[in-house]
Protein chains: 4
Amino acid sequence: MSQSDTKKRLINSAVKLFSKNGYFNTKVSDIVKDAGVAQGTFYLYFKSKEEIFIYIVEEIVRKIKQQTEKFSKGDWPADEKLKNFASSVFHLLSEYKEVAKIYFFYLLCTDEKFQKIHFEAEQMFKSFYLDVLKSYEDKELLTDILLGFGKRLFEINFLRDQKPIEEVIKEFEEGLKLILRKEK
Amino acid sequence: MSQSDTKKRLINSAVKLFSKNGYFNTKVSDIVKDAGVAQGTFYLYFKSKEEIFIYIVEEIVRKIKQQTEKFSKGDWPADEKLKNFASSVFHLLSEYKEVAKIYFFYLLCTDEKFQKIHFEAEQMFKSFYLDVLKSYEDKELLTDILLGFGKRLFEINFLRDQKPIEEVIKEFEEGLKLILRKEK
Amino acid sequence: MSQSDTKKRLINSAVKLFSKNGYFNTKVSDIVKDAGVAQGTFYLYFKSKEEIFIYIVEEIVRKIKQQTEKFSKGDWPADEKLKNFASSVFHLLSEYKEVAKIYFFYLLCTDEKFQKIHFEAEQMFKSFYLDVLKSYEDKELLTDILLGFGKRLFEINFLRDQKPIEEVIKEFEEGLKLILRKEK
Amino acid sequence: MSQSDTKKRLINSAVKLFSKNGYFNTKVSDIVKDAGVAQGTFYLYFKSKEEIFIYIVEEIVRKIKQQTEKFSKGDWPADEKLKNFASSVFHLLSEYKEVAKIYFFYLLCTDEKFQKIHFEAEQMFKSFYLDVLKSYEDKELLTDILLGFGKRLFEINFLRDQKPIEEVIKEFEEGLKLILRKEK
DNA sequence: AATGAATGAGGTTTCATTCAT
DNA sequence: GATGAATGAAACCTCATTCAT
């Protein structure tokens, strides 16, 4: 169950470096140096550089999925649900900022193989929104607006501004109000 | 007067391959093979692989900038301006899809040097929106919502769905109406 | 403690090949082939071809310097000092013939960066001679004559004739007698 | 008889660049750029980069040879002959400094093929000295001393100090007096 | 004679991966 | 489990030379 300490250190270093420099600018030698282990040790835990990357991506996907499942249940009004979901996801992204960066941006710039993981996982988000907004006439449109808005907040805040997360959430809530206002 | 034929062929091949496989998965040898020239010929026109990449990115930035300048003038109502701007930019993106893809996604996944180009150019978009929406109380919020929405439409349509461009524009217009509705 | 065996083998091969074929006619691939290691192994020990060259040159400079220091002390008459110094340096050159060749000739034919190393180190020789000959009226002239003579003996013997080293030393001693004769 | 202007320009540029940067650090593209002609033009006059190098070297060898021939005739005393010869050669070297540098230093650092040219031509010098000094008991020794001294003066003055040539000649004369003094 | 774009063999260097210890 | 030196395929880039104009 619990990963060996060495494996954890390799993952942490990989996340940090992938997220800072990208997949291709990160060398296995950088990862092991950062983790403080020998070059060969890496291959005791991961078959290849690609494998550790996939491993990391799947971890974040799994975590986000848990959040959507948690919030799709329950019987609150749509805006409450979305507010809580967003708040929860932003906290998650904030905690796993580096990994999230990999998921949201790096996957789009690699080749089609990696992009598939992104697109598949993204369906999850979309289904959740469509479900929550099922009583809205423009639910497709609203979903695209909200997902785009959320991703933009992530992009500007986590990639650049580094505002406190509570502000990001507040801005999302305001946008949410504005976007959903007067909609049934 | 105009770029030599060879240079154009190199650029076309590079755009195609960078967009399809990413910067790091594209080898100079791939580009020259696709362009049908010898390896050394590449270096007559570009000092390095990085240089041709930057060249391409700056081309798209320049083109988008021209659009913002064109539409920031004039005295139409905000929603008209945004509609026309968006329509024009979507057409541009459609025409330079591959280059735009590089600009919008690829730059975010490389190192800080490339990211800077993206962020600087992005200011341009933001300024345009803020200016057009200057009479709106929530102009900051609206800008983030609209930019996020627009980017999302680009992402899902040009990266995946490949819907006809008129539909994309129509969806943007509907979103625009919904977002700006009743706002003064 | 001591350099790894691989590093030593790379240095030996590099010295041999640089001396025989010159810096530019020696490829890293030649060096590794001669040393019996893989191409990449070279770069574990030296950052570039230039680096191993500099390394080798500095090694010979250091060794010659040790000799000048050893012989500048002591209180023998000038001709004794010079005789012993020359004998010692010729033995050294004989032992490190290939490296010395690089130092004495190769540095002069590359660009200014490498020439500087030669000229700086050459000051060492000159200072030694001037110091030993300090009681001679024509010490500047004598220094130039002796240095030129010594270098010539090295050039003709080590570059071409390959006479036994004792003969070279004997010829230097005779020249020394002739040059210094009757000088105070 | 008279070389075409283009050929002369190529030679001048080649001499300048070979002598400044060495044979291997000088590209054909540098030479043609300096000469102000097109890349292909070079090959109208020289079959290869090696050919122009050899051409240049043979030119200086031919010129020095002319001097030795001129001064070996006549019936002056040895020291007069040497003084005049040296003066003449130093003037020649001064005029063709760059070419001389190639001959005296660069040839020694290329491969054996080029070195042969140097050694063969050098015989010429030696024969001249031996002939002039034929009445001296130590003529072999004196020849080596004088040739070494002369080359050293060239090295320090033409490669570095750039003293006026008359001073160099004067220093050589003083050395000559010192070296030959009291010798019959 | 002159041009200069194009060539491609061959060089330097990188780095994911292996393996003997 | 851990090490880290060694590997070598494959990348980037250079530059002497050619050739159609």
Side-chain angles (χ1 to χ4, degrees), chain A residues 4-7 9-10 23-33 35-53, chain B residues 4-7 9-10 24-33 35-52, chain C residues 4-7 9-10 24-33 35-52, chain D residues 4-7 9-10 23-33 35-53:
Chain A
S4 83
D5 185 52
T6 302
K7 186 169 186 181
R9 297 223 319 266
L10 284 169
Y23 179 74
F24 286 101
N25 279 320
T26 301
K27 299 174 221 159
V28 172
S29 64
D30 296 335
I31 298 173
V32 297
K33 206 185 299 161
V37 300
Q39 192 87 357
T41 304
F42 180 91
Y43 292 88
L44 294 176
Y45 295 95
F46 301 99
K47 272 216 301 287
S48 65
K49 182 176 146 178
E50 188 177 312
E51 198 185 89
I52 195 175
F53 185 69
Chain B
S4 82
D5 186 51
T6 302
K7 186 170 184 181
R9 286 199 356 242
L10 284 169
F24 287 101
N25 279 319
T26 301
K27 316 300 167 200
V28 172
S29 61
D30 298 333
I31 298 173
V32 296
K33 205 185 299 163
V37 300
Q39 189 86 0
T41 303
F42 179 90
Y43 294 91
L44 292 179
Y45 296 96
F46 301 99
K47 275 213 297 291
S48 65
K49 186 174 125 176
E50 188 177 311
E51 200 186 86
I52 196 175
Chain C
S4 80
D5 186 50
T6 302
K7 186 169 185 182
R9 281 186 15 229
L10 284 169
F24 287 101
N25 280 318
T26 300
K27 318 298 169 205
V28 172
S29 61
D30 298 333
I31 297 173
V32 296
K33 205 185 298 163
V37 301
Q39 191 84 0
T41 303
F42 179 90
Y43 293 89
L44 292 179
Y45 295 95
F46 301 98
K47 276 214 294 290
S48 65
K49 186 174 126 174
E50 188 178 311
E51 199 185 88
I52 196 175
Chain D
S4 83
D5 186 51
T6 302
K7 187 170 184 179
R9 297 225 318 268
L10 284 169
Y23 178 75
F24 286 101
N25 280 319
T26 300
K27 300 174 221 163
V28 172
S29 64
D30 296 334
I31 297 173
V32 296
K33 204 185 300 162
V37 300
Q39 192 89 356
T41 304
F42 180 90
Y43 292 89
L44 295 176
Y45 296 95
F46 300 99
K47 274 215 301 287
S48 66
K49 181 177 148 179
E50 188 178 311
E51 198 186 88
I52 195 175
F53 185 69

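Each chain gets a letter, A, B and so on, in the order its sequence line appears, and its residues count up from 1.
- Nearer to the 5' terminus of DNA chain F, by closest-nucleotide assignment, is the contact made by B/Tyr43 (compared with the other of D/Val28 and B/Tyr43).
- Between the CZ atom of B/Phe24 and the C1' atom of F/dA10 there is a distance of 16 Å, given to the nearest Å.
- Listed candidates were F/dC13, E/dA16, E/dT13. Nearest to the side chain of C/Lys49 is E/dT13.
- The base of E/dT17 sits within donor-acceptor range of the side chain of A/Gln39, with an N or O pair under 3.5 Å.
- When atom types are taken as modelled, the side chain of C/Lys47 and the backbone of C/Leu44 share no donor-acceptor pair closer than 3.5 angstrom.
- Looking at heavy-atom distances under 4.0 Å, B/Lys47 makes no contact with the nucleic acid at all.
- Nucleotide E/dT12 holds its C1' atom 16 Å from the CG atom of C/Asn25, rounded to whole Å.
- At whole-Å resolution of the value, CG in B/Leu10 and C1' in F/dC12 are 15 Å apart.
- Comparing D/Ser29 and A/Ala38 by the nucleotide of DNA chain F whose heavy atom lies nearest to each, the residue mapping closer to the 5' end is A/Ala38.
- Contact between the side-chain N/O atoms of A/Thr6 and the OP1/OP2 oxygens of F/dA2 is found at a separation under 4.0 Å.
- A 3.5 Å limit on both hydrogen-bonding distances identifies no Watson-Crick or G-U partner for E/dA1.
- In this structure, E/dT21 forms a base pair with F/dA2, meeting either the Watson-Crick or the G-U wobble geometry with both donor-acceptor distances under 3.5 Å.
- Using a 4.0 Å heavy-atom distance criterion, B/Tyr45 is classed as a sugar-phosphate-only contact.
- F/dG1 atom C1' lies 13 Å from atom CG of A/Asp5, rounded to whole Å.
- Following rounding to the nearest Å, A/Arg9 (CZ) and F/dA2 (C1') show an atom-to-atom distance of 12 Å.
- In this entry the distance linking CZ of B/Phe46 with P of F/dT14 reads 15 Å, nearest Å.
- The shortest distance between side-chain heavy atoms of B/Val28 and B/Phe46 does not fall below 4.5 Å.
- For the OP1/OP2 pair of E/dT7 and a distance below 4.0 Å, the side-chain nitrogens and oxygens of B/Thr41 include at least one atom meeting the criterion.
- Taking every heavy atom of both residues into account, C/Leu10 and C/Ile52 meet most closely at O-CD1, 4.0 Å.
- The two atoms that bring C/Tyr43 and C/Ser48 nearest to each other are CE2-CA, 4.1 Å, heavy atoms only.
- Note that B/Lys49 lies outside the cation-pi zone of B/Phe42, set by a 6.0 Å cut-off to the ring centre and a 45° limit from the axis.
- F/dC19 atom C1' lies 17 Å from atom CZ of D/Phe42, rounded to whole Å.
- Separating the NZ atom of C/Lys27 from the P atom of F/dT14 is a distance of 15 Å, rounded to the nearest angstrom.
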